[in-house]
Amino acid sequence: MGKVLVSRFNGIITSGRIVEVEAYNGIIDKASHAFGGRRTNRNEIMYANGGVAYVYLCYGIHHLFNVITNNKETPHAILIRALEPVIGIDEMLQRVGKTKPDSYRLDNTLTRGPGNLSKALGIFTFHSGTSLGSKELFIADDGFVFPKKQIAVSPRIGVDYAGNDALLPYRFYVKGNPFVSGKPK
DNA sequence: GAGTAGATCCTCT
DNA sequence: GAGGATCTACTCA
């Protein structure tokens, strides 16, 4: 949280500050693809050493971007759910297909929600497995931190099928930030 | 403003 | 052959 996710494809730089994330707690988390130690072609990446990207297609439309966080054989992941745009806003708008020349700089749907932010940064499934130490895709730390008071916790979104695990407080977000998905309070 | 359907395709059973 | 870590637009009130 508070760090900056940067993509640099074809010399075009786009980046955004991370304002909303969800944790997926490995093999004991029903909402995780790795629940019960499941291991498939798709989620094989989750069992790799931390620091790589895990991207997959959801509902046939949306690319969801995760960061693998733990050691080899321990499939923990963080889903990046929302960014606050920093660099390359025009580029991102083009990728999303938004025009709105009048008020587009205030458009907070650009990187709001996991599907949108992946599209905005130009991240697709073939980036799955990319190291976040690469020059194309990485997370930068510019020293900025959100005050603890601004960080809120809640259950995760869109994981109702996971039973009790859907209630776990694994979602973290910046209070009042307009790019956070879900309903503002 | 709230609630719901439709999009759309890869992955696993 | 079914369903999903989602989003948008449209309906109805």
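Protein chains get the first letters and strands the later ones, always in sequence-line order, with residue 1 at the start of each.
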Give the B/S/- string for nucleotides 5-12 of chain B, one per nucleotide from 5' to 3', where a protein heavy atom under 4.0 Å of the base yields B, of only the sugar-phosphate yields S, and otherwise -. --BBBSSS

Main chain of [Y], side chain of [X]: is a donor-acceptor contact present, judged purely on distance under 3.5 Å?
X	Y	answer
A:Asn43	A:His33	yes
A:Arg171	A:Glu22	no
A:Thr111	A:Leu83	yes

Does B:dT8 have a Watson-Crick or wobble mate here (both distances under 3.5 Å), and if so which one?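 The base-pairing partner of B:dT8, which may sit in any strand shown, does not exist here.
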
Both distances below 3.5 Å, Watson-Crick or wobble geometry, any strand: find the nucleotide opposite C:dA5.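 Base partner found: none.
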
Taking [atom1] from [X] and [atom2] from [N], how many angstroms apart are they, rounded to a whole number?
X	N	atom1	atom2	answer
A:Leu117	C:dC7	CG	C1'	13 Å
A:Lys119	C:dT8	NZ	P	7 Å
A:Glu20	C:dT6	CD	P	11 Å
A:Tyr56	C:dT6	OH	P	7 Å
A:Leu64	C:dG3	CG	P	20 Å

Determine the contact category for A:Asn116: base if any of its heavy atoms lies under 4.0 Å from a base atom, sugar-phosphate if only primed atoms, P, OP1 or OP2 are that close, otherwise nothing.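 Sugar-phosphate: the residue A:Asn116, judged by heavy atoms under 4.0 Å, touches backbone atoms but no base.
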
Angle class for the A:Tyr54/A:Tyr56 ring planes (parallel below 30°, perpendicular above 60°, tilted otherwise)?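 Rings of A:Tyr54 and A:Tyr56: parallel, under 30°.
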
A:Arg171 side chain near C:dA5 phosphate (N/O to OP1/OP2, under 4.0 Å):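 Looking at the OP1 and OP2 atoms of C:dA5, neither is under 4.0 Å from any side-chain N or O of A:Arg171.
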
Go through the side-chain N and O atoms of A:Asn25 and A:Tyr170 and say whether any donor and acceptor fall under 3.5 Å apart.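 Checked: A:Asn25/A:Tyr170 side chains pair up, N/O donor to acceptor below 3.5 Å.
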
Do A:His63 and A:Ile123 make a side-chain contact, defined as non-hydrogen atoms from C-beta onward lying under 4.5 Å apart?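 No, side chains not in contact.
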
